[in-house]
Protein chains: 2
Amino acid sequence: MTDSKPAAGASARPSRGGKRERLASAAARVFHQQGVERTTLSDIATAADVPLGNVYYYFKTKDQLVGAAIGSHLDGLRAATGELDRLPAPADRLKALIGGWIDQRETAARFGCPFGTLATELDKREDGLDRAAAEVMRALITWVEGQFEQMGRGADAHDLAIAFVAAYQGMAVLTNVLRDPEVMSVQGRRLADWVDTLA
Amino acid sequence: MTDSKPAAGASARPSRGGKRERLASAAARVFHQQGVERTTLSDIATAADVPLGNVYYYFKTKDQLVGAAIGSHLDGLRAATGELDRLPAPADRLKALIGGWIDQRETAARFGCPFGTLATELDKREDGLDRAAAEVMRALITWVEGQFEQMGRGADAHDLAIAFVAAYQGMAVLTNVLRDPEVMSVQGRRLADWVDTLA
DNA sequence: GTCTATACGGCGATAGAC
DNA sequence: GTCTATCGCCGTATAGAC
């Protein structure tokens with residue numbers, strides 16, 4: 001009854017076995033591949049290996065599942081930047097981030113940026129979900145901004161961070177639309193070179 | 001009976017009054033604001049001021065309406081580049097294009113790039129619609145590439161064109177997600193400055 | 001060619017047995 | 001806490017009168 005493992009997620013509902021989180025990450029994955037609107041709860045249940053009817057025990061509505069998927073992306077972002085923070089030089093952290101994006105180029109070619117495409121889809125709506133997505137994007141921008149500050153660009157760190165993230169989102173869109181992973185490789189190298197000019 | 005005005009669209013079905021084209025451009029507009037999946041045929045019929053049942057006389061399926069919306073975007077692109085081609089200097093044409101995007105910043109803040117968000121949404125699907133969208137994107141890239149060639153960058157004109165369009169798509173995504181038109185202004189100026197360094 | 005009424009299917013959500 | 005059966009709505013698409 002008294003439960004254990006609240007888990008390190010954005011939300012902290014208990015429930016042993018991590019079924020809730022399995023659903024959340026499955027939702028994030030399937031939403032990425034199919035889009036939110038074309039994904040049925042049945043799709044997610046299948047992907048998470050949870051019986052359909054049981055989904056409603058953990059998430060009362062589909063929108064709550066979307067919210068959980070956003071939280072899942074935030075967790076992933078925190079984990080990734082946490083790793084990058086172990087590198088000594090901020091410019092290297094940014095370039096390692098780009099390297100990670102390039103490594104994911106095949107996925108990006110087929111489905112786009114996992115978070116960017118989700119945020120874009122949610123932005124067509126009026127409910128609070130779009131704002132939740134904006135927070136995650138802002139978290140990334142803030143982290144990048146911190147790197148530029150450490151590189152001695154205190155004055156325009158914010159605009160540089162926007163430019164950096166925008167560059168990634170843009171190359172992800174074209175990689176996806178053109179179905180060409182090479183776009184990510186070439187443009188990613190371009191972005192890395194730009195970081196070097198600022199170091 | 002014998003009909004007139006095939007109209008200058010991508011497709012060329014007749015039918016007086018331009019009802020078909022009114023439906024196509026209404027579709028493009030509503031798809032932009034609501035996304036394809038959340039838009040019903042009733043929404044489009046209302047926007048075009050055409051009775052719902054009558055829509056099926058012009059478009060047998062919703063997908064055909066999506067195709068027509070893509071065609072509508074292509075028409076708009078051709079019209080825009082046609083205007084820009086009247087400017088003497090290629091660098092000025094690119095900067096004028098950016099200026100147009102900045103002028104649309106309020107719309108971009110609310111709904112994103114009219115074509116980029118559509119292409120992104122269609123890319124989650126497997127039917128041919130995504131490829132049709134890719135063609136429009138490619139048409140823009142090709143036109144931009146031509147400008148860079150005229151600026152004497154024959155060697156890397158293609159990569160520069162990809163970078164240019166990606167920069168726009170990226171700033172559009174962030175403008176939209178952050179709901180901040182200023183992002184488009186600031187980053188648009190950045191992009192224009194970059195064009196100047198290549199001129 | 002125009003428009004209304006309606007069939008059909010799918011999906012989100014609920015009831016309730018276990 | 002788990003799972004099945006099912007309801008009710010909504011959106012695409014069609015039939016067919018005008």
Side-chain angles (χ1 to χ4, degrees), chain A residues 1-7 11-24 26-28 30-31 33-69 121-122 124-129, chain B residues 1-7 11-24 26-27 30-31 33-69 121-122 124-127 129:
Chain A
M1 275 221 178
T2 50
D3 217 336
S4 52
K5 278 218 295 197
S11 58
R13 198 82 92 222
S15 156
R16 171 198 48 77
K19 231 172 188 177
R20 188 188 173 86
E21 276 140 52
R22 222 165 62 236
L23 280 166
V30 182
F31 285 155
Q33 295 173 357
Q34 309 189 346
V36 173
E37 299 299 333
R38 290 177 72 87
T39 297
T40 69
L41 294 177
S42 164
D43 291 336
I44 297 171
T46 302
D49 200 37
V50 168
L52 174 57
N54 200 356
V55 171
Y56 286 92
Y57 177 77
Y58 296 95
F59 301 94
K60 273 184 272 296
T61 66
K62 184 178 179 181
D63 278 2
Q64 285 187 14
L65 220 20
V66 175
E121 188 176 1
L122 295 177
K124 303 286 183 198
R125 307 169 50 161
E126 310 245 344
D127 46 39
L129 259 5
Chain B
M1 275 230 178
T2 49
D3 217 334
S4 53
K5 277 217 294 195
S11 58
R13 198 82 92 222
S15 155
R16 170 201 48 78
K19 231 173 190 179
R20 187 187 173 87
E21 276 141 51
R22 223 165 60 236
L23 280 167
V30 182
F31 285 154
Q33 294 173 357
Q34 310 190 345
V36 173
E37 298 300 332
R38 292 178 70 88
T39 296
T40 67
L41 294 177
S42 164
D43 290 336
I44 296 171
T46 302
D49 200 37
V50 168
L52 174 57
N54 199 358
V55 170
Y56 287 92
Y57 177 76
Y58 297 95
F59 301 94
K60 274 185 269 298
T61 66
K62 184 179 179 181
D63 278 3
Q64 284 187 13
L65 220 20
V66 174
E121 188 176 2
L122 295 178
K124 303 287 183 197
R125 308 168 51 163
E126 310 245 345
D127 45 38
L129 258 5

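All chains are named by letter (A, B, ...) in the order of the sequence lines, taking the proteins before the strands, and each is independently numbered beginning at 1.
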Separation between OH (A:Y58) and CD (A:E21), nearest 0.5 Å, reads 11.0 Å
Rounded to the nearest 0.5 Å, the CG atom of A:L23 sits from the OH atom of A:Y57 at a distance of 12.5 Å
B:I44 atom CD1 is separated from D:dA13 atom P, nearest whole Å, by 11 Å
Kindly say if B:Y58 contacts the phosphate of C:dT2, meaning a side-chain N or O under 4.0 Å from OP1 or OP2. yes
* Asked: Quick one: is A:Y57 getting a side-chain N or O under 4.0 Å of the D:dT2 phosphate, OP1 or OP2?
  -> no
Exercise for the section: With salt bridge (charged side-chain N to carboxylate O under 4.0 Å, His left out) as the test, would you mind laying out the steps for B:D49 and B:K19 before giving the verdict? Expected result: CA-CA 9 Å; B:D49 200 37; B:K19 231 173 190 179; over 6 Å; no
Find out whether the Lys NZ or Arg CZ of B:R20 is both under 6.0 angstrom from the six-membered ring centre of B:F59 and within 45° of the ring's axis. yes
Taken in chain and number order and not counting sequence neighbours, the residues that satisfy side chain to side chain donor-acceptor pair (under 3.5 Å) with B:T40 are B:D43
Sorted by chain and residue number, the side chain to side chain donor-acceptor pair (under 3.5 Å) partners of B:E37 (sequence neighbours excluded) come out as A:R38
Protein-proximity profile, nucleotides 3-18 of chain C, B/S/- by nucleotide at the 4.0 Å heavy-atom cutoff, equals BB------SSBB----
B:F59 atom CZ is separated from D:dG11 atom P, nearest whole Å, by 20 Å
